[in-house]
Amino acid sequence: MKTAFMFPGQGAQYVGMGRDLFTTVPKIAQLYRQANHIVGFDLAKICFEGPADQLDTTEISQPAIFVTSVACLTALRLAHVNPELAQVTPDASLGLSLGEYTALYAGGAVDFDDALRLVQLRGKSMQLAAQMRKGTMLSVLGLDEEAVNRLCRLVLDDPPEEEDGLPSILAPVNFNCPGQIVISGSVSACRRAEQLAQRDDFAPAKAVPLRVAGAFHTSMMASAAQRLALALRQCRFKTAVCPVVANVDAAVYGSVEQIPDKLLRQLTGAVRWQQSVEYLLDQNLDRFIEIGPGKVLTGLVKKIIRPRKQDVEIINISGLK
């Protein structure tokens with residue numbers, strides 16, 4: 001079988017994640033202690049005990065998810081979970097937004113310490129950007145990409161007045177699976193989109209507001225990209241040992257030099273998850289293993305393969321059970 005390792009992004013976190021791995025596997029306990037030292041606070045305690053409102057902040061959740069995903073990957077490689085898969089070498093690696101950093105780590109393109117420092121800076125920078133200008137996100141269900149683009153154009157052709165007096169911003173940013181696209185932007189623009197989605201010409205659309213700190217993957221994250229740019233360019237990336245698929249274009253990284261650029265573009269550009277999975281399906285990958293907290297990607301891949309009727313094995317590894 002041809003196997004893809006896939007890693008979750010922000011939103012996958014939950015209090016208690018990784019605790020079973022920490023208490024059972026000494027090497028993973030050491031991994032969390034190493035992470036605590038790098039980030040400068042007890043990240044492990046927040047992962048295991050919360051409180052949830054602290055874990056859910058962008059600044060904390062991103063390094064927490066990254067470290068827990070690496071812990072799950074370590075458990076897999078040490079045969080503490082799914083022993084029959086311990087020796088599996090991925091034919092490709094990919095991750096959703098934040099998860100792309102874990103995918104690069106799993107593919108050997110960056111070491112743990114450097115990746116965690118980047119992820120911590122990314123989370124802090126995104127949180128600061130969200131505080132500079134209030135934004136939000138909206139999950140649009142039941143529409144294809146063309147219809148979602150039309151919805152966004154309708155809003156921007158007659159933009160609502162924003163509370164901060166700045167121009168409205170709205171764009172499709174997360175192409176998750178057929179019939180599920182997330183749009184992101186300024187608050188009033190998202191509210192107008194939610195209202196317009198109820199029109200008969202958009203039926204059977206459903207718009208669901210998301211509980212997020214800001215308008216991620218839009219130009220409203222430009223200041224975060226500026227803060228992260230120097231650290232990315234100074235990072236010692238290496239040639240990956242397996243193909244790693246980038247979010248921004250659903251294409252494999254062609255060189256080490258592309259890594260900083262594509263990771264920066266991802267902050268202010270769309271995450272093409274559905275297209276990334278479809279690319280690998282077209283390359284005849286037939287086993288997808290989600291590694292990290294939660295089962296979000298498992299669900300998305302099931303929806304992506306459904307219309308293609310391909311025979312694909314999907315496995316979830318989020319802990320010892």
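By convention here, the first residue in the shown sequence is residue 1.
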Flag for Gln310-Asp286: side-chain donor and acceptor within less than 3.5 Å: no
Rounded distance [0.5 Å steps], CD1 in Ile60 versus CD1 in Ile65: 11.5 Å
Between CD on residue Gln180 and CG on residue Leu300, distance to nearest 0.5 Å: 5.5 Å
More than 12 heavy atoms of other groups within 6.0 Å of Lys27 NZ: no
Atom pair NE2/OG1 of His80 and Thr24 - distance to nearest 0.5 Å: 8.5 Å
OG1-CE distance between Thr268 and Met220, expressed to the nearest 0.5 angstrom: 13.0 Å
Aromatic centroids of Tyr105 and Phe7 separated by under 6.0 Å: no
ILVMFWY cluster, Leu170 and Val208 together (side-chain gap under 4.5 Å): no
Option passing side-chain contact (heavy atoms from CB on, under 4.5 Å) with Leu104 (candidates Asp114, Leu118, Val110): Val110
Asp164/Lys134 ion pair, N-O < 4.0 Å: no
Pairwise distance CG(Leu267) to CG(Leu263) - rounded to 0.5 angstrom: 8.0 Å
Any side-chain heavy-atom pair of Glu194 and Pro209 under 4.5 Å: yes
Hydrophobic cluster membership, Ile183 vs Ile169, 4.5 Å side-chain cutoff: no
Joint cluster assignment, Leu285 & Val301, ILVMFWY side-chain distance < 4.5 Å: yes
Whether Ser93 side chain and Ala103 backbone form a donor-acceptor pair below 3.5 Å: yes
Residue list, ring pair (Phe, Tyr, Trp, His ring centres under 6.0 Å) with Phe66, at least two apart or on another chain: Phe112
Sequence neighbours excluded, every pair satisfying side chain to side chain donor-acceptor pair (under 3.5 Å) that has a member inside residues 203-221: Ser97-His217
Pair Glu84 + Arg287, salt bridge at N-O below 4.0 Å: no
Gln127 side chain to Thr58 backbone, donor-acceptor under 3.5 Å: yes
N/O donor-acceptor pair under 3.5 Å between Gln13 side chain and Pro293 backbone: no
Atom CZ of Arg150: over 12 foreign heavy atoms under 6.0 Å: yes
More than 12 heavy atoms from other groups under 6.0 Å of NZ on Lys45: no
Between Gln266 and Arg122: side-chain donor-acceptor atoms closer than 3.5 Å: yes
Glu161, CD: over 12 other non-hydrogen atoms inside 6.0 angstrom: no
Euclidean distance, Thr74 OG1 relative to Leu21 CG, rounded to 0.5 Å: 9.0 Å
Option passing side-chain contact (heavy atoms from CB on, under 4.5 Å) with Leu94 (candidates Trp273, Tyr279, Phe5): Trp273
Single-linkage hydrophobic cluster, 4.5 Å side-chain cutoff, Met17 and Ile315 together: yes
Heavy-atom pair of closest approach, residues Ser184 and Val173: CB-CG2, 3.5 Å
Exercise: do Asp113 and Gln34 side chains pair donor with acceptor under 3.5 Å: yes
Residue pair Gln274 / Ser276, side-chain heavy-atom distance below 4.5 Å: no
